[in-house]
Amino acid sequence: MSLRLEHLNPEQLAAVTLGDEHALILAGAGSGKTRVLTTRIAWLIKNARVTPGGVLAVTFTNKAAREMLTRLGAMLPVNPRGMWIGTFHGLCNRMLRAHHRDAGLPQTFQILDSQDQLGAVKRLVKALDADEHRFPPREVQYFINARKEEGLRARDVALTDETTRRFADLYAAYDEQCQREGVVDFAELLLRSYELLARNELLREHYQARFRHILVDEFQDTNKLQYRWLKLLAGRQAAVFAVGDDDQSIYAFRGANVGNMADFERDFRVQKVIRLEQNYRSHGNILDAANALIANNRKRLGKNLWTAAGEGEPLRVFEAETDALEARWIVEEVQALVADGARRADLAVLYRSNAQSRVLEHALFSAGIAYRVYGGLRFFERAEVKHALAYLRLVASSDDDNAFLRVFNFPPRGLGARTLEQIQDAAKKNGTSLFAAIEGKAGAFRALIEDLRRETAELPLPEAIEHVVARSGLIEHYKNERDGADRIENLEELVNAAAAFSEEERAVESAEETDPLTAFLTHAALEAGEHQAGEGQDALQMMTVHSAKGLEFEAVFLTGLEEGLFPHEQSVAERDGLEEERRLAYVAITRARKRLYLSFAQTRMLHGQTRYSLPSRFLDEIPEGLMKWLTPRFAAQRARQALASVSQAWLTPRKKAPGFASPAAAGGFRVGQNVQHPKFGFGVIVDAEGQGNDARVQVNFGGQGVKWLAVAVAKLQAA
DNA sequence: TACTTTGTCCTTTTT
DNA sequence: GGACAAAGTA
């Protein structure tokens, strides 16, 4: 067992061998962050500065947590299971299970994923007769989660106006509902755990005394509540080792607060700030491009990556006329790379939003290239799996109304809206769960669940699940359905998943005393599972830029580099939105080891409409000398401009038919046309409405934004 | 009651 | 283009 400290660079070594003090490690992309983190833990334990039980390490993804455990297992002779290593949610869950009574929760509390949570909110909004248009469930859900992530309960919300008051009321009612049903959403896991520590001095002191070293991965992605949770847990005794990269903060939209890095330095009086700037992943040109791009951001702690690997190839830039042609080009390029001996799994196609994947998939599928799309529906989120889980949840905890409603009449058993209404009335009147309020016709359903509970009580988990799946009638139901075969296969897979969910895995996520079924349900909620089989297949990797964070590939295609898409139009309006988009682009670029392709299309089908866009401003922010244009620089765009000025002669104003989305003309201009404005410069018309003096056109001016202009007033010229 | 059709809405990113 | 809900039909 060697820690191989001699392979670390001086900064890495300094970080790994730091004493028992707080430290902030600014770890650039590809700088060996995970290695430093795990080696640090191993070093602490080896040098007897701490016992395995005295370490708490927290990550954002299950994958990162698993990787850390695996690496530690290879470095240390001790079983790393005793260590508290996991995601924020996983660790909070563990704590809440262990102290469920103090936390005011039933031992078998169930965890709501976002889908379940939305369902719960919808139910609530309906039950309270709130206006669904004024209080869209999605917004209510967002409101609740945002407040929880700020550490605020409904009673703590500042009632600035009537609408906020109503939202706060809904929040309060939602929490009551959850409490009644014995369920907990993601944000609640954290808030509950935080409140438990804050309120219960004994418990707090216990954990503060226990954890001597707290290590945090992806610190830039922590939200305010997570930061407070860490602070509380650290107390005065623990040394906090925070690793992060402000340039890779891409989750501000869901509450991540980069400011935590500065707060940490101040609050903890951090003496040691270590920068890891040597990059072991990418060639020089790729890094230079990333550095140049990110230099356009103002709010940075400052860092410049360098590599000893040599400059490598230039970045290859491709301009396509349409999204379909962009996809076709990617197919050809991938085929060429594979012909040259590249593994498909070493190639990645990245995009800003999931909607972009369809065209790409279509082209890849037609060409017979094996590919794998990350994101999308995951295993535990599939309808049939959720149904099976709902039965299991009712078996584990019958107060779970969400689960009840999901399978009450599924598969159909003749229980309709009227029966349900009766039960809901009875439940409301007696203040019980729906299950407890079952009456009349639905008695058979209650009997079914109770039978299942009895019959599975003594069975090992996989067999219990197999039994429930069979007896619930799900299999039978899907047999009669047209494409039910896949669903049945997934139900069988669920049994396998339960078998694979072994003793040791269980110990990571839950307190040891939790029963196997609840532990498995928790696992299903906290780790939605990869959605496709074929993990080991040599397939082209496709994913959003967000999901690519932390990964690396030999060659990367960064696609859809268009204004409005990347940077996304909705982000431009957000505070610091553009800087976040740029960080996103930075993350994308730094995924590539040897080769990076950048591509964009002039027109793209999005949401069933053709969109016309300008090349992304991010292309302008990369030094020309690092790039090699595969198409003449902005050639197609120029050709189109020429065409536009020629066609100008015969263009006549045309009334925009309602719902007619293709090029419509207004005041002599038409959608797709290139124009020039004295103040905003060059742009593309993306939409038009009205006629004559009322004609207005929406113009995408790239860096200057997207604007609606009255043709009669604005000094627009065809460009 | 169960299934199909129609209509309306949205549409960034995800632990 | 898709998800979901309301309305319509067997």
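This structure is a prediction, so every number in the text was calculated from the model and none was measured. Any value given below was found using the heavy atoms of this structure, including those in side chains, with hydrogens, waters and symmetry copies removed. All chains are named by letter (A, B, ...) in the order of the sequence lines, taking the proteins before the strands, and each is independently numbered beginning at 1.
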Does A:Ser547 make a side-chain N or O approach to OP1 or OP2 of B:dT14 shorter than 4.0 Å?
yes
Side chain of A:Arg254 only, please: which of B:dA2, B:dT14, B:dT13 is the nearest?
B:dT14
Can you measure A:Phe253 atom CZ to B:dT12 atom P for me and round it to whole angstrom units?
11 Å
Could you tell me whether the side chains of A:Tyr374 and A:Gln541 share a donor-acceptor contact shorter than 3.5 Å?
yes
Let me check something: any side-chain donor-acceptor pairs from residues 135-144 of chain A under 3.5 Å, sequence neighbours excluded? List them with distances.
residue	atom	partner	partner atom	Å
A:Gln141	NE2	A:Ser114	O	3.0
A:Gln141	NE2	A:Gln117	OE1	3.0

Rounded to whole Å, CD of A:Gln356 lies from P of B:dT11 at a distance of 16 Å
Would you kindly give the CZ-to-P distance between A:Phe566 and B:dT11, to the nearest whole Å?
20 Å
What does A:Asp221 touch in the nucleic acid at a heavy-atom separation under 4.0 angstrom: a base, only the sugar-phosphate, or nothing?
nothing
Round to the nearest Å and state the distance from A:Glu218 atom CD to B:dT14 atom C1'.
13 Å
Counterpart residues, ring-ring contact (aromatic ring centres under 6.0 Å, His included), relative to A:Phe253 (two or more places apart):
A:Tyr251, A:His546
Counting any heavy atom closer than 4.0 Å, what does A:Arg358 reach on the DNA or RNA strands: base, sugar-phosphate only, or nothing?
sugar-phosphate
Output all residues satisfying side-chain hydrogen bond (donor to acceptor under 3.5 Å, both in side chains) with A:Asp401, sequence neighbours left out; order by chain, then residue number.
none
Just the rounded figure in Å: distance from P of B:dT13 to CE of A:Met542.
14 Å
Can you name the residues that form a side-chain hydrogen bond (donor to acceptor under 3.5 Å, both in side chains) with A:Arg300, not counting sequence neighbours?
A:Asp247
Tell me which of A:His477 and A:Thr544 sits closer to the 5' end of DNA chain B, going by the nucleotide each one is nearest to.
A:His477
Taking only the side-chain nitrogens and oxygens of A:Lys549, find out if one of them lies under 4.0 Å from OP1 or OP2 of B:dT13.
no
Taking the six-membered ring for Trp, does A:Tyr251 stack with B:dT14 (centroid gap under 5.5 Å, planes within less than 30°)?
no
How many whole angstroms separate atom CG of A:Leu118 from atom P of B:dC10?
14 Å
Student check: side-chain heavy atoms of A:Asp116 and A:Arg393 closer than 4.5 Å
yes
Result for 5'-nearest mapping on DNA chain B, choosing between A:His568 and A:Pro412, is A:Pro412
Tell me: CD of A:Glu361 to P of C:dG1, nearest whole Å?
13 Å
With A:Thr87 via side-chain hydrogen bond (donor to acceptor under 3.5 Å, both in side chains) - residues at least two apart:
none
Is there a side-chain polar atom (N or O) of A:Asn354 under 4.0 Å from OP1 or OP2 of B:dT11?
no
Dot-bracket, DNA chain B: Watson-Crick or G-U, under 3.5 angstrom, [ ] crossing, | other strand?
||||||||||.....
A:Arg583 CZ - B:dT13 P separation (whole Å)
18 Å
